[in-house]
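Heads up, the thing below is written out as C-alpha cells.
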Amino acid sequence: MLLVEQREKIISISLRLMAEKCVADGQGNLSIMDRVQNLIAITPSAVPYQVREPEDICVVDPQGNLIEGNWKPTSEMALHLVFYRRRADISAVVHTHAPNSTVFGIIGDEPMPMVLNEAAMGLGGAVPIAPYARPGTERLAELTCEATGDGIAVIMAHHGLVTIGDTLEHAYTATTAAEATAQAIILARSMGASVQSLEDEEVKSLRKMYLGYRPQSID
C-alpha cells in the first residue's frame, strides 16, 4: 500500500479534529503530499471519519488522478492541488468547517486579528477572508490560494477554514489556533468590548520562536 504512514497520520489528525469539534461526520478534508514520491494522500468523499481505515484514504498524483484507494477523493481536491502547485514550502492542507472561525467568513472581509500569543505562534499573522465561490470549483481553489498569499491560514467566505503547513501537525496546530482566536474574539465582542491586537512585529517574533522550538531531552 502506498503512503501508509501518511494515510495513518491523516486518520489520526482527523480524529483529533473531531475531538476539537472542527469537523463532523465526513465534512472537511485533509491531505499530505510526499514530494519525494510526488504523490498525495487525501481524504475520500463523504466517508465518516470514525469508520475510515488507511486503505480508505485516497492516493492521487499532482494532476488529481486516482492512484490507489477504495473511494472517490474529496470533492475539494482542487483546493489541495492548487496549494501544492503554488507553495513548494508546504506538504499538508487541512480544510475544516470550524464553527467559530467560520463566523468571520459570514460577517464580511475583515481579517481575523491576532489577539492570543500562543495562537500567534501557530498562525504567524492575521487570517484573511477569501471571496466567496461555490464549493468544489476551480474558482474556489484559486481565490482561496490567492487570498492566503504567503500565509498559512485563510477563511473562505460562507464556507470554512483552510490551513497549510510543512507537516500535517503544523497545519493542525494552525487550525486549532485559528479556532481559539475566533472564539476569544467572539466572546470579547459579546461583552461589548473591542479587541486589542498584538503588534505585527510581536506576532512575527512569536512565530519564529515557535518554529525554532525543538523538544530537548533531559539527561
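Any value given below was found using the heavy atoms of this structure, including those in side chains, with hydrogens, waters and symmetry copies removed.
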Counting heavy atoms not belonging to [X], are there more than 12 under 6.0 Å from its [atom1]?
{"X": "Q50", "atom1": "CD", "answer": "yes"}
{"X": "E146", "atom1": "CD", "answer": "yes"}
{"X": "Q63", "atom1": "CD", "answer": "yes"}
{"X": "N65", "atom1": "CG", "answer": "yes"}
{"X": "D200", "atom1": "CG", "answer": "no"}

Nearest-0.5 Å distance, [atom1] of residue [X] to [atom2] of residue [Y]:
{"X": "L79", "Y": "L140", "atom1": "CG", "atom2": "CG", "value": "6.0 Å"}
{"X": "E68", "Y": "L39", "atom1": "CD", "atom2": "CG", "value": "9.5 Å"}
{"X": "D61", "Y": "I67", "atom1": "CG", "atom2": "CD1", "value": "4.5 Å"}
{"X": "E53", "Y": "D56", "atom1": "CD", "atom2": "CG", "value": "6.5 Å"}
{"X": "L168", "Y": "M33", "atom1": "CG", "atom2": "CE", "value": "15.0 Å"}
{"X": "E8", "Y": "I13", "atom1": "CD", "atom2": "CD1", "value": "12.5 Å"}

Check: [Y] main-chain N/O paired with [X] side-chain donor or acceptor under 3.5 Å:
{"X": "R87", "Y": "V82", "result": "no"}
{"X": "D34", "Y": "N38", "result": "no"}
{"X": "T74", "Y": "S45", "result": "no"}
{"X": "T102", "Y": "G105", "result": "no"}
{"X": "E55", "Y": "G69", "result": "no"}
{"X": "R207", "Y": "M121", "result": "yes"}
{"X": "T176", "Y": "T173", "result": "yes"}
{"X": "R52", "Y": "I10", "result": "no"}
{"X": "T148", "Y": "T144", "result": "yes"}

Taking every non-hydrogen atom, the tightest pair across [X] and [Y]:
{"X": "A174", "Y": "G122", "answer": "CB-O, 3.6 Å"}
{"X": "L198", "Y": "V115", "answer": "CD1-C, 4.2 Å"}
{"X": "V23", "Y": "S14", "answer": "CG2-O, 4.1 Å"}
{"X": "A41", "Y": "L3", "answer": "N-CD1, 3.7 Å"}
{"X": "L161", "Y": "S101", "answer": "CD2-OG, 3.9 Å"}
{"X": "P128", "Y": "A147", "answer": "CG-O, 3.3 Å"}

Next item on the list: Taking the six-membered ring for Trp and the single ring otherwise, decide whether the centroids of H159 and H97 are under 6.0 Å apart.
Entry: yes

Next item on the list: Please find out if less than 6.0 Å separates the ring center of Y210 from that of H170.
Entry: yes

Item checked: Distance-only donor-acceptor check, side chains T167 and Y172, under 3.5 Å -> no

Do [X] and [Y] have side-chain heavy atoms sitting under 4.5 Å apart?
{"X": "M156", "Y": "I129", "answer": "no"}
{"X": "S197", "Y": "M114", "answer": "no"}
{"X": "Y49", "Y": "D25", "answer": "no"}
{"X": "P54", "Y": "M1", "answer": "yes"}
{"X": "L17", "Y": "T96", "answer": "yes"}
{"X": "F83", "Y": "S31", "answer": "no"}
{"X": "F104", "Y": "V127", "answer": "no"}
{"X": "V59", "Y": "R7", "answer": "yes"}

Margin query: Can you tell me which residue among I40, V94, N29 is in a side chain to side chain contact (heavy atoms under 4.5 Å, CB included) with H80?
Written below: N29

Checklist line | From CA spacing to verdict: side-chain contact (heavy atoms from CB on, under 4.5 Å), D166, D89 | finding: CA-CA 6 Å; D166 57 342; D89 59 318; over 6 Å; no

Margin query: Checking V203 against E199 for the side-chain contact (heavy atoms from CB on, under 4.5 Å) test, could you report, in this order, the C-alpha distance in whole Å, the side-chain angles of both residues, the deciding distance, and whether it holds?
Written below: CA-CA 6 Å; V203 172; E199 296 289 338; over 6 Å; no

What about [X] and [Y], same hydrophobic cluster or not, with Ile/Leu/Val/Met/Phe/Trp/Tyr joined at side-chain heavy-atom distances under 4.5 Å?
{"X": "M77", "Y": "I57", "value": "no"}
{"X": "I155", "Y": "V195", "value": "yes"}
{"X": "I90", "Y": "L30", "value": "no"}

Next item on the list: Determine, for K9 against E169, whether the closest basic-nitrogen to carboxylate-oxygen distance falls under 4.0 angstrom.
Entry: yes

Next item on the list: Could you check C58 against I42 for side-chain contact (heavy atoms from CB on, under 4.5 Å), going step by step and ending with a plain yes or no?
Entry: CA-CA 5 Å; C58 303; I42 190 166; 4.0 Å; yes

Notebook entry, point to check: Between K208 and L211, does a side-chain contact (heavy atoms from CB on, under 4.5 Å) hold up when you go through it step by step?
Noted result: CA-CA 5 Å; K208 185 176 180 180; L211 293 176; 6.0 Å; no

Under 3.5 Å donor-acceptor pairs involving side-chain atoms of residues 180-191, not counting sequence neighbours:
from : atom 1 : to   : atom 2 : distance (Å)
T181 : OG1    : A177 : O      : 2.8
R189 : NH2    : E110 : OE2    : 2.9
S190 : OG     : L187 : O      : 2.6

Margin query: Among residues at least two apart in sequence or on other chains, which ones pass salt bridge (charged side-chain N to carboxylate O under 4.0 Å, His left out) with E142?
Written below: R86

